[in-house]
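All values reported here derive from a predicted model rather than from experimental measurement.
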Amino acid sequence: MQQAISQQTAVRRRNVIKITGDRIVLNIVGYILLTLFALICVLPFYLIIVSAFTSERAIMVHGFSMWIREFSVEGFEIILTNPALIARAYGNTIGVTVIGSSIAVFLACMAGYVLQRKDFAWRNAIMLVFYFTMLFSGGLTPYYILCTRYLGFTNQYYALILPGMFSVWNMIIAKNYMRSIPDEIVESAKIDGAGEFRIYLQLILPLATPLLATLGLFTSLGYWNNWMDCMLFIRERNMYTLQYFLQNMLRSIQALRVVAELSGLVVPVMPAENMKMAMTLIVTGPIILAYPFAQRYFLKGLTIGAVKG
């Protein structure tokens, strides 16, 4: 009997050692693959940083390289020629992003919550209308005429906020997430006398923290990178967003180069490629720096409500 028990114990030990060894090998392979994938993702941004501090002449002669061949900050100097305008453009972009993202996330979550409610009789008909807008649109020309002639979007800050204030895709994501919230929570709140808005604000939104964090990130990126609405509706230079302001500056330099070539004039070489990379750093820098501070809210949102009280 003791011999049989000893044999079983030895077999179990061998199995445990084998499983532990396989797990270690699997972890090592996984870490190597994840490290390679992370390096592949970081490499383009590293090239942008190197190119932003490389002279235009070195880029034109050697192309984009992995190290700085000839250090230069000429692109940054040209972009920051008028720091007041850059600061103004930064302020416009930050204001539009914060206000627009807050409203957009609130509306998407509220619409998703209403349309997943089984006691809402018209939810399927309204969802059909939303789906139709995802498949068909009137096009850019009717959109521009509607916004400028009838809605008065020209040279107004709300022209940069209203077009992206509601996303059907975000609403569908919110709707699917709201289904995971038990109906008993809403029913018990109604029994206690809570109204619909109180239920939504004090019960549904706190339980939807992961959803709010995800939609907030996506919507903020959309507002931050949006330049087309500024091009269509804004004529005042002090109302430009950062992306359109820098793009307009780069277009002016390229147009100057073309005119000089056609007219045969000799003009100093403008660092167009260097400026593109410098602009990319200026535009993406705040988002990249802000993400580590926002990450803890994602982690908190994933764990909130996981423990029943």
Point-to-point distance, once rounded to the nearest 0.5 Å, from [atom1] of [X] to [atom2] of [Y]:
| X | Y | atom1 | atom2 | result |
| --- | --- | --- | --- | --- |
| Ile204 | Ile185 | CD1 | CD1 | 6.5 Å |
| Ser167 | Leu107 | OG | CG | 11.5 Å |
| Leu115 | Met110 | CG | CE | 11.0 Å |
| Glu187 | Ile199 | CD | CD1 | 10.0 Å |
| Ile282 | Ile79 | CD1 | CD1 | 4.0 Å |
| Ser51 | Asn274 | OG | CG | 8.5 Å |

Please find out if less than 6.0 Å separates the ring center of [X] from that of [Y].
| X | Y | answer |
| --- | --- | --- |
| Phe106 | Tyr200 | yes |
| Tyr144 | Phe153 | no |
| Phe233 | Tyr157 | no |

| task | Could you tell me how the ring of Phe136 sits relative to the ring of Phe132: parallel (under 30°), tilted (30 to 60°) or perpendicular (over 60°)? | result | tilted

Any Lys/Arg nitrogen of Asp183 or Lys190 sitting under 4.0 Å from an Asp/Glu carboxylate oxygen of the other? no

Applying side-chain hydrogen bond (donor to acceptor under 3.5 Å, both in side chains) to Tyr113 and not counting sequence neighbours gives Arg117

Side-chain donor or acceptor of [X] paired with backbone N/O of [Y] under 3.5 Å:
| X | Y | value |
| --- | --- | --- |
| Trp227 | Phe245 | no |
| Thr219 | Gly216 | no |
| Asp229 | Leu160 | no |
| Tyr223 | Ile99 | no |
| Asn225 | Leu221 | yes |
| Ser180 | Asn176 | no |

Nearest atoms (heavy-atom pairs only) where [X] meets [Y]:
| X | Y | value |
| --- | --- | --- |
| Leu212 | Cys109 | CD2-SG, 3.4 Å |
| Ser220 | Thr97 | O-CG2, 3.7 Å |
| Ala278 | Ala52 | N-CB, 3.8 Å |
| Tyr177 | Leu207 | OH-O, 3.1 Å |
| Arg235 | Asn155 | N-OD1, 2.5 Å |
| Thr280 | Lys276 | OG1-O, 2.8 Å |

Check for me, please, whether [X] and [Y] land in the same ILVMFWY cluster - side-chain distances under 4.5 Å, paths through other members count.
| X | Y | answer |
| --- | --- | --- |
| Trp67 | Met277 | yes |
| Leu39 | Val50 | no |
| Trp122 | Val168 | yes |
| Phe130 | Phe120 | yes |

